[in-house]
Amino acid sequence: MADHKSHILIVGAGLCGSLLALRMAQRGHRVTLMERRPDLRKVTQDAGRSINLAFSNRGMKGMKLVGLEKEVTELCIPMLGRMIHDPKGNTFLSPYSGREGEYINSISRPGLNALLLDAAEAHEGVEIIFNQKCVSVDLENAAAEFQDYTTGETKRYQGDVLIGTDGAGSVVRKAMFNHKQFLFSFSQQWLTHGYKELTIPATETGGYRTEKGALHIWPRGEDMLIALPNLDGSFTVTLFLPYSDSDYCFDNLTTEEKVMEYFSNEFPDTLALMPELAKEFFENPTAPLGTIKCSPWNAYGKVLIMGDAAHAIVPFYGQGMNASFEDVVEFDRVLDEVGDDWNASFKQFSLTRKTDTDAIADLAVDNFHEMKEHTANPLFQAKRKVETALEFNFPEQYSSKYSLVTFSEHISYAEAMRRGRAQDKAILNLLDDGLLPEDLSLEEKLQIVKNHTKEVLHEDELL
């Protein structure tokens, strides 16, 4: 076990990397944080890249760990539920929870990143270097070469350990994949859908054009539109659409007329909200949606990957950033247990954390289908009505799958998935079989749901 503080080289100064750098500095280590892009505090973010995110309890654990709970709250806009928009323009709010005080937040990605960078930079043991493209990684020596975009020069940096938080396209992970000196498993699965970001601008007076306190969803079966509020009165809108083989898809939405026809048919109530729709549609990029799983996350007791570099997921549970922040919390917990024995801590973190990140990756794909297809389904709406009533009246005895994942940060993703899937199956079966009639009391419904969930869990264990 190391009895001295280490020099940690971190590749990637996004959300996970900047939080990790801050926490490692707080633990007394010297940190060099390398970032490919310019300093986002000094440049405008590129259009089309997600500018807001869903921030919830697991992410807040990370902010509490580093003492930034108050500061991050000031960046948050509470969203109490899903505002469902039907094809005729009718809306209804589906609360995220029946319990008071349980909601998710819309938060600015660059605002949150800037907050973390400022806090990390305030530590004298942290050096942040921008415009540095990682071109190679020396796994056995915790070193990497970086090309400076400004000067064109290439320089080698070395730490006692190297941690890759360089996102879904991680150069550190690719170095592990290509190394060939140990067994490295890797999978990348793409959805048939991509996404494009659009904007509902603020009103002329800086107000919101639609309900501020909700995550808006236009579910249409194969495709879907969502919108999250920003502090300036605007909404960031994301269109999720198949690439091909559909009446409307990215491959055939190639003219302004076709785009306007599509939105007029599928999302007519959005036309008045998005005056720059056609212009933004063709100016902003279309991006893919995929899941990355790999193992191991560590090499030679010198290198570790975490965040999207280790487990990129699709965005449909709003847990990508929250899971990355929870990575830092869990890694910090492992360091408390084993001390700064990097070999032992890297192995333990990788083994214990992967089960949970695999679980949230699978749940996120499940929620993709739920959001675009099931949120407008009467049976799903009946399930949400039962769940919300149970949570409101029996807050200590019942939590929906969504609440277990999003608000029950004290339990693991894997346990939330196991229990939540069983509850979903139980309630849907009971509703479909007419076994939760309106004349039953809520106490009776709770007991029936609990008993049926136990049966489902038992059946699952036998499989």
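Under the 3.5 Å distance criterion, with hydrogens and angles disregarded, no donor-acceptor pair is assigned to the side chains of D223 and W218. Residues S97 and E102 have side chains that bring a donor and an acceptor to within less than 3.5 angstrom of each other. With hydrogens and angles left out, the side-chain atoms of Q188 and K293 include no donor and acceptor closer than 3.5 Å. With 3.5 Å as the limit, one finds no donor-acceptor pair spanning the side chains of S108 and N230. Under the 3.5 Å distance criterion, with hydrogens and angles disregarded, no donor-acceptor pair is assigned to the side chains of D362 and Y413. Side-chain contact of R384 with Q381: a donor-acceptor pair under 3.5 Å is absent, judged by distance alone. Remark: the E391 side chain and the S403 side chain contain an N/O donor-acceptor pair separated by less than 3.5 Å. In the model, T453 has no side-chain atom that pairs as donor or acceptor with a side-chain atom of R419 under 3.5 Å. Residues S56 and Q319 have side chains that bring a donor and an acceptor to within less than 3.5 angstrom of each other. There is no side-chain donor-acceptor pair under 3.5 Å between N90 and H85.
At least one side-chain heavy atom of V137 sits less than 4.5 Å from a side-chain heavy atom of L162. Contact of the Y149 side chain with the F130 side chain is not registered, since no non-hydrogen atoms from C-beta on lie closer than 4.5 Å. Side chains of M306 and L20 form a contact here, defined as non-hydrogen atoms less than 4.5 Å apart. Annotation: side chain of S295 is not in contact with side chain of S350 (no heavy-atom distance under 4.5 Å). Counting heavy atoms from C-beta outward, V303 and N298 have side chains that stay 4.5 Å or more apart.
Using the six-membered ring where Trp is involved, F240 and Y195 have ring planes that are tilted, between 30° and 60° apart. Using cut-offs of 30° and 60° for the angle between ring planes, the Y248 and Y262 rings count as tilted. The aromatic rings of F349 and F331 lie perpendicular to each other, with more than 60° between the two planes, well past the 30° mark. Ring geometry for F368 against F316 counts as tilted: the plane angle lies between 30° and 60°, on a 0 to 90° scale. Between F235 and H216, the angle of the ring planes goes over 60°, which puts this pair in the perpendicular group of the 30/60° scheme.
A salt bridge between R353 and E326 is present, with a side-chain N of the basic residue lying under 4.0 Å from a carboxylate O of the acidic one. Contact check on D39 versus R41 returns a salt bridge, with a Lys/Arg side-chain nitrogen under 4.0 Å from an Asp/Glu carboxylate oxygen. Using a 4.0 Å cut-off between charged side-chain N and carboxylate O, R58 and E409 make no salt bridge. Under the 4.0 Å criterion applied to side-chain N and carboxylate O atoms, K133 and E35 are not assigned as salt-bridge partners.
Annotation for K258: atom NZ counts as buried by contact number, over 12 foreign heavy atoms lying within 6.0 Å. Enclosure of atom CD in E124 is not indicated, since only 12 or fewer non-hydrogen atoms of other residues, nucleotides or ligands lie within 6.0 angstrom. Taking a 6.0 Å sphere around CD of Q189, one finds it holds 12 or fewer heavy atoms contributed by other residues, nucleotides or ligands. At most 12 heavy atoms of other shown residues, nucleotides or ligands fall within 6.0 angstrom of atom CG in D245. Sparse packing is recorded around CZ of F177, with 12 or fewer heavy atoms of other residues, nucleotides or ligands lying under 6.0 Å away. Within 6.0 Å of CG in D118 there are more than 12 heavy atoms belonging to other residues, nucleotides or ligands.
Counting only distance, with no hydrogens or angles, the side chain of R209 and the backbone of A202 share a donor-acceptor pair below 3.5 Å. Counting only distance, with no hydrogens or angles, the side chain of N113 and the backbone of R109 share no donor-acceptor pair below 3.5 Å. A donor-acceptor contact shorter than 3.5 Å is absent between the side chain of N131 and the backbone of D148. Remark: the backbone N or O of G59 is paired with a side-chain donor or acceptor of N322 at under 3.5 angstrom. Not a single donor-acceptor pair under 3.5 Å links the side chain of T270 to the backbone N or O of L273. A donor-acceptor pair under 3.5 Å is absent between the side-chain atoms of H193 and the main chain of M224, judged by distance alone. Checking side-chain atoms of S170 against main-chain N and O of D166 turns up no donor-acceptor pair under 3.5 Å. Remark: side-chain polar atoms of T388 are not paired, donor with acceptor, to backbone N or O of K385 under 3.5 angstrom. Here the side chain of R99 pairs no donor or acceptor atom with the backbone of F392 at under 3.5 angstrom. When atom types are taken as modelled, the side chain of N52 and the backbone of S106 share no donor-acceptor pair closer than 3.5 angstrom.
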Audit row: I448, L430, side chain to side chain contact (heavy atoms under 4.5 Å, CB included) steps and yes/no
CA-CA 9 Å; I448 291 171; L430 289 166; 3.8 Å; yes

Any chance you could lay out the side chain to side chain contact (heavy atoms under 4.5 Å, CB included) test for L271 and L277, step after step, and finish with the verdict?
CA-CA 8 Å; L271 294 177; L277 167 61; 3.9 Å; yes

Apply side chain to side chain contact (heavy atoms under 4.5 Å, CB included) to Q132 and C134, showing your working.
CA-CA 6 Å; Q132 303 292 316; C134 184; over 6 Å; no

Decide ring pair (Phe, Tyr, Trp, His ring centres under 6.0 Å) for Y103 and F407; before the verdict, give the C-alpha distance in whole Å, the side-chain angles of both, and the deciding distance to 0.1 Å.
CA-CA 8 Å; Y103 52 83; F407 307 123; 7.9 Å; no

Assess whether salt bridge (Lys or Arg N to Asp or Glu O under 4.0 Å) is satisfied between D332 and R27, documenting all intermediate values.
CA-CA 9 Å; D332 188 71; R27 293 185 72 98; 2.7 Å; yes

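By the 6.0 Å and 45° rule, K196 stacks over the aromatic ring of F281.
Rounding to the nearest 0.5 Å places CD of E276 at 6.5 Å from CD of E280. Between the CG atom of L431 and the NZ atom of K445 there is a distance of 8.5 Å, given to the nearest 0.5 Å. From M63, atom CE reaches atom CG of L112 across 5.5 Å, with rounding to the nearest 0.5 Å. To the nearest 0.5 Å, atoms CG (L198) and CZ (F267) are separated by 10.0 Å. The distance from the CG atom of D356 to the CG atom of L363 is 10.5 Å, given to the nearest 0.5 Å. Rounding to the nearest 0.5 angstrom, the gap separating the CD1 atom in I217 from the CD1 atom in I84 is 4.5 Å.
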